[in-house]
Structures are given as C-alpha cells and as structure tokens.
Amino acid sequence: MCGITGWVSYDRDLRTEAAALDAMTQTMSCRGPDDRGTWAEGPAALGHRRLAIIDLPGGRQPMTAKTPDGTVALVYSGETYNFTELRRELSAQGHRFTTDSDTEVVLRGYLEWGDALAERLNGMYAFAVWDGRHDELVMIRDRMGIKPFYYYPTPDGVLFGSEPKAILANPLARARVRLDGLRELFTMIKTPGHAVWDGMYEVEPGTVVTVDRQGLHRRVYWQLETRPHADDRATSIATVRSLLEDIVRRQLVADVPRCTLLSGGLDSSAMTALAARQLAERGEKVRSFAVDFVGQTDNFVADELRGTPDTPFVHDVARDAGTDHQDIVLDAHALADLDVRAKVIRARDLPMGFGDMDASLYLLFRAIREHSTVALSGESADEVFGGYLQFFDEEARRADAFPWLVRFGRHFGEDADVLRPDLTEALDLETYVAEGYRTAVSAIERLDGESDFEHRMRRICHLHLTRFVRILLDRKDRASMAVGLEVRVPFCDHRLVEYVYNTPWSLKSFDGREKSLLREATADLIPKSVYDRVKSPYPSTQDPRYATALQEHARDLLARPSHPVFDLVDRERVREAAHRDTPQIMQASRRGLERTLDLALWLDLYAPEVSLT
C-alpha cells in the first residue's frame with residue numbers, strides 16, 4: 001500500500017523539475033511512511049511513497065524494466081491477491097524475477113500483456129506505467145474503486161496522484177472549486193469521474209486511462225453486468241461461503257502484523273471468524289479492534305437507525321472466535337477536537353460532512369496502527385448483500401431517487417439547510433441529483449422476464465454498488481492511509497460482487513431479513529446473538545458533551561465575521577444552532593454545525609478559489 005504521483009509533459013524535460021516532483025511526492029508521506037523514490041526520464045516523472053507490506057526489502061519503487069525500445073517504469077499502490085499465480089504464469093513465459101513483491105509481478109505482467117493485464121488482476125490497486133517504448137502513460141484502477149486515483153490534464157500532458165493534494169502541489173494545478181464542484185460536495189451521489197476540484201478527474205473504477213501525444217483515451221475493462229442466476233438457494237449459499245473462504249485466505253497474506261475491524265455486526269463478525277479459523281490452522285491468533293465511546297453502552301438510547309450498541313456483540317464474537325481483542329474507547333473531547341477534524345479534512349482533501357463518524361474512524365485507525373499495519377474490514381457487505389434499511393423501506397424502494405437520500409433526508413434533514421439561501425438557489429441541488437439519478441439508472445440492464453419488483457431491487461443494488469459504496473471506500477482508504485494503515489475489504493472481491501449482484505432479491509432476502517445469503521453462509525461461525533441482530537450502522541456518539549463542544553467551536557467561528565465560510569453558510573442559522581440548549585440539538589442541527597466547522601477548516605487549510613459559476 002502506497003501513495004503514487006507523477007507528471008507527463010511532452011514539451012519539456014522533466015529531469016529539470018525535481019523540486020516540483022519532490023513536492024508532489026512528499027504530500028503522500030502518510031500513505032507511505034517507510035520509503036520514498038522518484039524517477040524521471042524525458043517527458044515523464046514518477047514519485048512514490050511506500051508502506052511496505054510484502055517483500056519488505058525488495059518492493060522499492062518506482063520500479064523499472066529496460067527494453068530494447070525504451071524504459072518501462074511503474075508506480076503502484078495496492079495489493080494484487082493473485083500475484084502468486086500470475087508470477088507462475090509469467091515465469092512459464094520466460095520472465096525472470098529479482099524480488100518476491102507483487103509490484104514486480106504487475107510490472108512484468110504489463111510487459112507481457114500490456115493494459116490487458118487489468119483483466120487478470122484480483123485485488124485493490126491504482127497504478128501508472130510510463131511506457132517509454134511508445135511515449136505513453138497508462139493509468140489503471142481496480143474494479144470497485146477501492147484505491148483512489150486522480151488526474152489533471154494539462155496543455156501538454158497530465159498530472160496524477162493517489163490523492164488531489166499530490167496534484168495540487170504542482171504549480172500547474174489550480175486549487176479552484178466551481179459551482180458544479182460544490183454541487184458534488186453537498187450531495188451524496190458520487191458522480192463517476194468527478195473530483196470536485198475544477199479541472200481534476202478520477203480514474204473511474206474498472207477503467208484504463210492512457211495519455212499520449214495525441215491526447216487522452218479511456219477504456220472500460222470491467223463493469224457490473226446483468227446475467228441470469230441459475231443456482232438454487234443451497235448452491236448460492238455454498239458458493240458464497242466458498243468464495244469468502246478463498247477471499248479471506250488471500251487477503252490475510254502479509255509480511256507485517258494484521259488484524260480485523262470488528263463491529264459486532266454480521267459482516268465484520270463473519271469475516272473475523274473466518275480469519276480466526278484460518279489463522280488458527282497455522283497456529284496464529286487474530287487480533288481484533290472495535291471502536292466505542294465513553295459511557296455509550298451503559299447509556300445507549302435506541303433510535304430509528306441504531307437499535308443496539310455494538311460492544312456486547314463485539315465481545316461475543318471475540319470470545320467465540322478467540323481473538324486477541326481490544327476496544328478503542330473515545331471521549332467527546334477527542335471527537336470534537338479541531339486538530340483531529342483538520343487531520344481528517346487533510347486526509348480527504350474535502351469537507352465531506354460525516355462529522356463525529358469521520359473523527360472516530362481516524363482515531364480508531366491511529367490507535368490500531370500502533371499494533372498492526374494491515375486490517376481486514378467488513379466494508380461493502382451491506383451494498384453487496386442488501387443490508388441497509390433503505391432496501392426494505394417502501395418509500396425508498398418506490399422513489400425515483402437515490403434510495404439512501406430518501407432515508408437520510410428523513411433522519412437528518414437536508415445538509416443544504418446550513419447554506420446561504422442565495423447559494424442554495426444557485427446550486428439547485430434537486431435538479432443536479434435528479435439528473436444524476438437518471439444517468440445512473442440508464443445503463444442498468446434488465447433480464448428477460450424480470451419482474452418489475454425484481455428489476456427495481458436490481459436498480460437499488462446497482463446504485464449502491466456503483467455510487468454509494470465508492471463514498472464509503474474513499475472515506476475508509478483516506479482515514480486509514482492518513483496514519484499508514486492498510487485496510488483490506490474482502491467483500492469487494494469482484495468475483496463475489498458479480499455473483500451476488502445477479503442473485504435475485506428473493507434469494508438475497510429469502511427469510512425476509514437483510515443479508516440472508518451472508519447470514520446463512522456463515523451461520524456456523526458466528527454467535528447466535530450476532531445471527532439474530534438487526535443491522536446497525538457505524539456508531540455515532542450520543543454524548544451531549546460532543547454537541548456542547550461543537551457549539552463552542554461554532555461560537556468561536558462566529559466571532560470571526562470576515563471568515564470566508566460565511567460566503568457559503570448562513571450566519572444566522574449557525575448562530576441559532578450555536579446558542580440552542582444542548583438537549584435540543586437535534587441530529588440535523590448537529591450535522592449543520594459539523595458541516596460549517598468542516599467547511600471553515602477546509603478553507604483555512606486549502607485556501608481554495610471558490611467560483612460560483
């Protein structure tokens with residue numbers, strides 16, 4: 001796991017631009033604390049920061065291969081879980097290896113198959129190859145978008161990086177956000193390719209982007225496809241279990257300490273139990289970590305989203321699976337700390353508005369990093385197996401809208417409520433979201449004979465797997481890599497995603513509950529308490545001291561009337577929330593304060609040019 005960056009400029013020799021390349025590479029130091037490397041030749045320059053996971057001494061980058069027609073150079077971030085099989089295949093083709101790293105397998109694979117290598121990889125990855133034989137840059141991103149990857153076209157080439165901050169460190173990049181970027185920032189629809197920053201784009205998941213002297217070219221090598229599902233219930237359950245066994249076994253491979261993230265829900269519990277069983281076969285014990293808040297379990301109050309606290313279920317799993325477990329217990333002061341919030345925004349490059357859930361995730365990962373370098377997560381199982389409440393909410397099911405927005409709007413209110421009325425009018429988020437929805441559903445194929453209900457549920461599953469999950473994957477990657485922790489996501493293996501996506505909803509919910517296939521596929525692994533537990537989202541603090549701290553920070557901000565945040569948010573609405581009695585701070589008001597503070601910190605950290613055009 002690493003941070004990558006680079007620059008292609010066909011009108012200059014980039015060997016003279018070492019300072020700019022160093023600045024771009026340095027922004028990735030948190031993603032790669034173990035090593036750094038740069039390489040430049042003619043119109044191409046590559047930078048790399050390394051977090052060593054496999055073949056600690058042998059995986060240094062940029063990695064190059066000399067050919068009679070020119071140098072091929074690679075910078076790579078991620079993990080290829082089938083690198084052992086690919087290495088054997090390449091060796092049979094005559095390739096000779098000097099390291100044990102998966103990076104060299106990717107480089108040699110590119111030499112053998114070109115960008116068709118992408119179809120052969122199983123893993124999470126974002127990598128760029130400068131192919132000196134053709135004077136072209138090839139950028140490839142994994143199928144689900146687990147690893148982030150951005151690029152910024154220039155008049156004579158391109159800038160790229162794992163994160164926007166690497167690109168913005170180059171003097172050619174302009175830190176500007178226009179009206180369309182704000183629209184993306186204030187909605188949760190994750191428009192493919194959109195990067196919020198003006199002139200910047202994402203390499204879309206499952207896509208190859210090639211840059212040469214003629215310009216930029218895109219090729220989609222993977223996307224969700226609609227296929228008939230012929231397996232019966234028993235076969236489907238057995239197939240899911242078989243896939244999970246193989247996926248977890250592959251993703252436990254590392255030359256550094258690893259652990260699991262355990263929430264006490266079905267997803268993380270099943271994954272932890274599988275990992276514990278497989279490691280026990282080798283005489284090892286899995287470590288597990290969970291987040292908790294001071295007093296949360298004893299004083300928990302159930303609401304529409306969360307019916308039970310996590311900790312009792314976490315402890316049931318840890319006891320049954322025999323993990324070496326640790327709770328990371330956070331207090332309200334740490335969650336509201338402005339320095340922590342600033343670190344989260346610096347990690348994500350944007351104020352994404354998850355509030356205390358972002359802060360707690362960052363603090364959890366920071367604590368885990370003291371013990372482990374790799375963590376397995378249950379992320380994306382809800383999207384794959386149909387676990388969210390909106391999958392069962394009739395209003396969300398029937399709405400011609402992103403289903404999570406229906407649920408969130410009802411629970412939190414509109415995030416845009418904090419914005420100035422004139423900005424709200426200019427943004428016209430309702431139209432932006434509606435157009436985004438129409439675009440998102442237009443490409444979803446329908447099976448012959450598929451009922452209206454099954455097709456509607458297919459659309460909801462597709463939207464979660466191509467839009468919503470990408471928001472959460474980006475959040476998890478940024479928070480973890482900000483502290484040098486690699487988080488792996490077994491449920492994002494494309495084989496599992498393809499298989500379960502095409503199971504009809506009647507199979508996904510055959511017992512009338514969420515994630516029926518996953519529950520039955522792992523029933524022998526998990527405690528009965530977890531088997532019976534209703535889905536509960538990632539936890540949020542209920543401590544009123546957190547809301548009080550937000551109000552104090554907001555009042556400090558209000559004392560700075562010239563702060564540019566008030567060009568975006570409504571000062572009077574902020575003032576009202578900041579002076580309301582704390583028990584009356586409802587979720588929407590709290591979210592409004594969090595959004596305001598995050599925007600203010602983002603403006604302080606990045607000083608972006610905000611253009612309302």
Donor-acceptor pair, side chain of [X] and main chain of [Y], under 3.5 angstrom:
X	Y	value
Q61	Y76	yes
N502	E225	yes
S269	G265	yes
T260	L262	no
D212	E136	no
R218	V209	no
R49	I4	no
T27	M24	yes
N82	N122	yes
S101	E104	yes

Thinking salt bridges, do [X] and [Y] make one under a 4.0 Å N-O criterion?
X	Y	value
R87	E85	no
R120	E89	yes
R459	E454	no
K147	D474	no
R348	E163	no
E514	K535	no
D511	R513	no
R478	D349	yes

Considering all heavy atoms, the nearest [X]-[Y] contact:
X	Y	result
R141	E204	CB-O, 3.9 Å
D267	A381	CG-CB, 3.4 Å
T25	G47	OG1-CA, 3.4 Å
F491	V384	O-CG2, 3.5 Å
A270	L525	O-CD1, 4.3 Å
R369	V483	CG-O, 3.1 Å

Inset, instruction - Could you check R470 against D477 for salt bridge (Lys or Arg N to Asp or Glu O under 4.0 Å), going step by step and ending with a plain yes or no? - result: CA-CA 10 Å; R470 295 178 184 175; D477 175 89; over 6 Å; no

Is there side-chain contact between [X] and [Y], with at least one heavy-atom pair below 4.5 Å?
X	Y	result
I167	M200	yes
L261	L376	no
T64	W39	yes
E245	Q278	yes
L90	F97	yes
P62	T38	no
F289	S372	yes
E498	W222	yes

Inset, instruction - Give a yes-or-no answer on whether the side chains of D493 and Y81 include a donor-acceptor pair shorter than 3.5 Å. - result: no

Legend entry - Polar contact flag, side-chain donor to acceptor under 3.5 angstrom, H217-T210: no

Decide if the gap between the ring center of [X] and the ring center of [Y] is smaller than 6.0 angstrom.
X	Y	answer
W505	F391	yes
Y538	F354	no
Y201	H194	no

Which value, rounded to the nearest 0.5 Å, describes the distance between [X] atom [atom1] and [Y] atom [atom2]?
X	Y	atom1	atom2	value
E383	R467	CD	CZ	14.5 Å
R533	R519	CZ	CZ	11.5 Å
F313	S268	CZ	OG	12.0 Å
Y151	L216	OH	CG	5.0 Å
L21	W7	CG	CH2	8.5 Å
D255	T373	CG	OG1	10.5 Å

Inset, instruction - Apply the test salt bridge (Lys or Arg N to Asp or Glu O under 4.0 Å) to residues R287 and E370: give CA-CA distance (whole Å), side-chain angles for both, the deciding distance (0.1 Å), then the verdict. - result: CA-CA 13 Å; R287 295 201 68 159; E370 296 177 7; over 6 Å; no

Inset, instruction - For side chain to side chain contact (heavy atoms under 4.5 Å, CB included), just list the numbers for F160 and F149, CA-CA rounded to whole Å, side-chain angles, deciding distance to a tenth of an Å, and then say yes or no. - result: CA-CA 8 Å; F160 70 85; F149 204 174; 3.7 Å; yes

Legend entry - cation_pi(R458, Y501) dist<6.0 Å, angle<=45: yes

Inset, instruction - Only one of E379, M271, R250 passes side-chain contact (heavy atoms from CB on, under 4.5 Å) with P490; say which it is. - result: M271

Inset, instruction - Under the side chain to side chain contact (heavy atoms under 4.5 Å, CB included) rule, what do S162 and R31 come out as? Steps first, then yes or no, please. - result: CA-CA 9 Å; S162 292; R31 297 186 73 90; 3.8 Å; yes

Inset, instruction - Classify the angle between the aromatic ring planes of Y388 and H464 as parallel (below 30°), tilted (30 to 60°) or perpendicular (above 60°). - result: parallel

Inset, instruction - I would like to know whether H48 and M63 meet side chain to side chain contact (heavy atoms under 4.5 Å, CB included); could you show each step before the answer? - result: CA-CA 10 Å; H48 186 265; M63 191 173 284; over 6 Å; no

Inset, instruction - Test side chain to side chain contact (heavy atoms under 4.5 Å, CB included) on K508 and C461 and set out the steps. - result: CA-CA 11 Å; K508 288 190 180 79; C461 292; 4.1 Å; yes

